[in-house]
Amino acid sequence: MKKIVIAIDGFSSCGKSTLAKQLAKELNYVFVDSGAMYRAITLYFLRHNVDLKNEAIVENNLKNISLSFVFNEAEGKSDMYLNGENVEKKIREMEVSNNVSEVSIIKAVREFAVAQQQKMGEQKGIVMDGRDIGTTVFPNAELKIFVTADADVRTQRRFLEIKDKQQNISLEEIKENLLKRDRIDSTRQISPLRQADDAIVLNNSFLTREQQLNIALNWAKEKMQ
Ligand code: DC
């Protein structure tokens, strides 16, 4: 079977990373959560009070950022490292979620992240999830999946994911953040979130993780023939 590139895009919190991670495990492929890279850049900018409106300052700060993924045996996935520090937990906090879309709009930020993502896919055998993977990062990916789910289902999933870490968070706050990010992500000028013309839509509102995985796995195996 030939090695392929699998691009998974879709709205916030609709299970893209879960699906990408499961697919990568089944196929023995590399899994890359591209959103983690934008989140780590956002964390760095927040920590250094970077003025997002100042292009030169943004570019200078990007020069000080080194991103890497390090495999975490216990989790069965890679953790995001920012300049050698494991920031996997920090980048999932609300402060980063509330600022990441504004950072992801910036041209220099996108060029910085996309160049690294494309390098990771050179050998194929990769599953990457994000917003512009099938359109900008890997326009020639053999399999493109566009994942969608009902906004209330997504809010509930995100709530369950973060409620232990952030106990004072409400469903309304989460839904507001998701919808705001979706709006900014799909209306930005550079690489907005949109379904690639050759992407297959997967609405997982009423699918279990196993059902969703089986559907995607069958698509992948067809493309790998
Ligand atoms: O997948 P996520 O929710 O962790 O992504 C966080 C943010 O990063 C998302 O709201 C927009 C941005 N992002 C992006 O612009 N392009 C990608 N390929 C992945 C994420």
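Both backbone and side-chain heavy atoms feed into the values below; hydrogens, waters and symmetry mates do not. Counting from 1, the numbers follow the sequence of the chain as shown. Because the structure is a prediction, the values reported are computed rather than measured. Counting starts at 1 for both ligands and their atoms, following the listed order.
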Engineer: Salt bridge between Lys89 and Glu93, side-chain N to carboxylate O under 4.0 Å?
Structural biologist: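 Result for this pair is no, no salt bridge flagged.
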Engineer: Among protein heavy atoms, which sits nearest to atom 16 (N) of ligand 1, and what does the distance come to when rounded to 0.1 Å?
Structural biologist: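 Result for atom 16 (N) of ligand 1: Arg110 NH2, 3.0 Å.
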Engineer: When you measure from atom 5 (O) of ligand 1 to each heavy atom in Glu102, Arg158, Lys16, Arg131, which option holds the nearest one?
Structural biologist: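 Result: the heavy atom closest to atom 5 (O) of ligand 1 is in Arg131.
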Engineer: Give a yes or no on whether the backbone of Thr42 and the side-chain of Asn99 come within a donor-acceptor separation of less than 3.5 Å.
Structural biologist: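 Pair absent, no side-chain N/O of Asn99 close to backbone of Thr42.
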Engineer: Just to verify, which of Lys124, Lys2, Lys223 counts as forming a salt bridge (Lys or Arg N to Asp or Glu O under 4.0 Å) with Glu142?
Structural biologist: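 Going through the options one by one, the only one that passes is Lys124.
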Engineer: Could you tell me whether Arg181 approaches ligand 1 through its side chain, its backbone, both or neither, with non-hydrogen atoms closer than 4.0 Å?
Structural biologist: side chain
Engineer: Looking only at atom types and distance, does a side-chain atom of Arg131 sit under 3.5 Å from a main-chain N or O of Pro192, one as donor and one as acceptor?
Structural biologist: no
Engineer: To which protein heavy atom is atom 18 (N) of ligand 1 closest, and what is the distance rounded to 0.1 Å?
Structural biologist: Asp132 OD1, 2.8 Å
Engineer: With a 4.0 Å cut-off, would you call Asp152 and Lys175 a salt bridge?
Structural biologist: yes
Engineer: Could you tell me the residue and atom name of the protein heavy atom closest to atom 4 (O) of ligand 1, and the distance to it rounded to 0.1 Å?
Structural biologist: Arg39 NE, 2.7 Å
Engineer: Select the closest option to atom 19 (C) of ligand 1 among Ser34, Ala36, Ala113, judged by heavy-atom distance.
Structural biologist: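 Among Ser34, Ala36, Ala113, the closest heavy atom to atom 19 (C) of ligand 1 belongs to Ser34.
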Engineer: With Asn177 as reference, evaluate Lys180, Arg181, Glu173 under the side-chain hydrogen bond (donor to acceptor under 3.5 Å, both in side chains) test and give the passing residue.
Structural biologist: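 Result for side-chain hydrogen bond (donor to acceptor under 3.5 Å, both in side chains) with Asn177: Arg181.
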Engineer: If you measure from each non-hydrogen atom of Ile133 to ligand 1, which part falls under 4.0 Å: side chain, backbone, both or neither?
Structural biologist: side chain
Engineer: Pull out every atom of ligand 1 sitting under 4.0 Å from any heavy atom of Ser101, numbered as shown with elements.
Structural biologist: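 Per the distance check, 10 (O).
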Engineer: If hydrogens are left out, which of Asp185, Ile190, Asp33, Thr135 has an atom nearest to atom 11 (C) of ligand 1, that is, the closest non-hydrogen atom?
Structural biologist: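 Looking at heavy atoms only, Asp185 sits closest to atom 11 (C) of ligand 1.
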Engineer: Closer than 4.0 Å to some heavy atom of Arg188 - which atoms of ligand 1 meet that?
Structural biologist: 14 (C), 15 (O), 16 (N)
Engineer: Would you tell me whether Ser97 and Arg39 have side-chain atoms, one donor and one acceptor, within less than 3.5 Å of each other?
Structural biologist: yes
Engineer: Short list, please: which atoms of ligand 1 are under 4.0 Å from a heavy atom of Ser104?
Structural biologist: 8 (O), 11 (C), 12 (C), 15 (O)
Engineer: For Met37 and ligand 1, answer yes if some heavy atom of the residue is under 4.0 Å from a ligand atom, otherwise no.
Structural biologist: no
Engineer: Does a side-chain N-to-carboxylate-O contact under 4.0 Å join Glu161 and Arg92?
Structural biologist: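 Salt bridge flag = no for Arg92 with Glu161.
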